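For reference, the structure discussed in these notes is given below.
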Amino acid sequence: MTITSEGDPLQSLQPASDLLRALSSPVRIGIVRELSAGGRRVHELVEALGVSQPLVSQHLRVLRASRIVTTRREAREIEYSLLDEHVAHIVLDAIKHTRE
């Protein structure tokens, strides 16, 4: 598969570079992996990943700023979910690839 571009070839690759930079952390990859199964609250991500709540919140801020995750308030809690399922495929494929 070849992906072609018009104009400045490097400039056209910037969005992909930004996406990969946003995913360039084991914690953020873990968050996306967990969210690939559906929405989660912070405490659920903390439990699943085995890291602190402030660390999960910090990484969720990066993912929100990169428009990878979105939020929905439920009473006093916020549920995080993936904005685009394509990102889950990228992460899950990368995890699978590295295990082969």
Side-chain angles (χ1 to χ4, degrees):
M1 175 174 77
T2 303
I3 299 175
T4 60
S5 64
E6 295 180 21
D8 181 358
L10 292 181
Q11 186 64 28
S12 68
L13 299 175
Q14 190 61 49
S17 177
D18 294 342
L19 172 64
L20 293 173
R21 187 176 307 110
L23 295 172
S24 68
S25 160
V27 174
R28 291 193 291 270
I29 289 172
I31 289 171
V32 172
R33 181 190 62 196
E34 292 301 316
L35 296 179
S36 71
R40 301 281 187 273
R41 293 168 185 79
V42 173
H43 70 88
E44 294 170 316
L45 293 169
V46 167
E47 185 177 312
L49 299 172
V51 295
S52 71
Q53 182 273 323
L55 185 60
V56 168
S57 294
Q58 175 186 358
H59 286 286
L60 283 167
R61 278 192 295 278
V62 172
L63 293 171
R64 279 188 73 192
S66 300
R67 302 194 64 211
I68 294 171
V69 301
T70 187
T71 61
R72 182 171 62 99
R73 182 166 289 282
E74 289 187 357
R76 293 179 50 207
E77 293 189 296
I78 297 175
E79 181 180 82
Y80 290 84
S81 59
L82 293 175
L83 192 59
D84 182 349
E85 292 299 319
H86 289 100
V87 175
H89 292 290
I90 292 167
V91 167
L92 297 174
D93 285 348
I95 293 169
K96 182 180 177 185
H97 176 75
T98 59
R99 290 182 177 167
E100 292 178 347

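From a predicted model like this one, the values you see are computed outputs, not experimental measurements. Just the heavy atoms: all of them, side chains too, but no hydrogens, waters or symmetry mates, feed the values below.
The backbone N or O of I78 sits nowhere less than 3.5 Å from a side-chain atom of R72 that would complete a donor-acceptor pair. Within the 3.5 Å criterion, the main-chain N or O of V27 finds a donor-acceptor partner in the side chain of S25. Side-chain atoms of E44 come within 3.5 Å of backbone atoms of R41 as a donor-acceptor pair (strictly under, hydrogens ignored). Not a single donor-acceptor pair under 3.5 Å links the side chain of S17 to the backbone N or O of L13.
We find the CG-CG distance between D84 and L19 to be 9.0 Å, quoted to the nearest 0.5 Å. Interatomic distance, E77 CD to T71 OG1, rounded to the nearest 0.5 Å: 13.0 Å. The structure places CG of L35 at 5.5 Å from CG of L45, a figure rounded to the nearest 0.5 Å.
Neither V87 nor V62 shares a network with the other; the hydrophobic side chains, linked directly or stepwise wherever heavy atoms of I, L, V, M, F, W or Y lie under 4.5 Å apart, form separate groups for each. Two different hydrophobic clusters hold I31 and L83 under the rule that ILVMFWY side chains link at heavy-atom gaps under 4.5 Å. There is a path of hydrophobic side-chain contacts, each under 4.5 Å, that joins L55 to Y80.
S36 approaches A88 most closely through the heavy-atom pair CB-CB, 3.7 Å. For L23 against I29, the heavy-atom pair with the smallest separation is O-CG1, 3.2 Å. Across all non-hydrogen atoms, the minimal contact from I68 to A22 is CD1-CB, 3.7 Å.
A 6.0 Å sphere centred on CD of Q53 holds more than 12 heavy atoms belonging to other residues, nucleotides or ligands.
Under the side chain to side chain donor-acceptor pair (under 3.5 Å) criterion, R40 pairs with no residue at all, not counting sequence neighbours. Under the side chain to side chain donor-acceptor pair (under 3.5 Å) criterion, S24 pairs with no residue at all, not counting sequence neighbours.
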Compile the donor-acceptor pairs under 3.5 Å between side chains in residues 89-100 and protein atoms, sequence neighbours left out, one pair per line.
from	atom 1	to	atom 2	distance (Å)
T98	OG1	A94	O	3.3
T98	OG1	I95	O	2.9

Run the side-chain contact (heavy atoms from CB on, under 4.5 Å) check on E47 and V56 step by step: do they pass? CA-CA 10 Å; E47 185 177 312; V56 168; over 6 Å; no
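Contact annotation: the side chain of L82 approaches that of V69 to within less than 4.5 Å [non-hydrogen atoms, C-beta and beyond].
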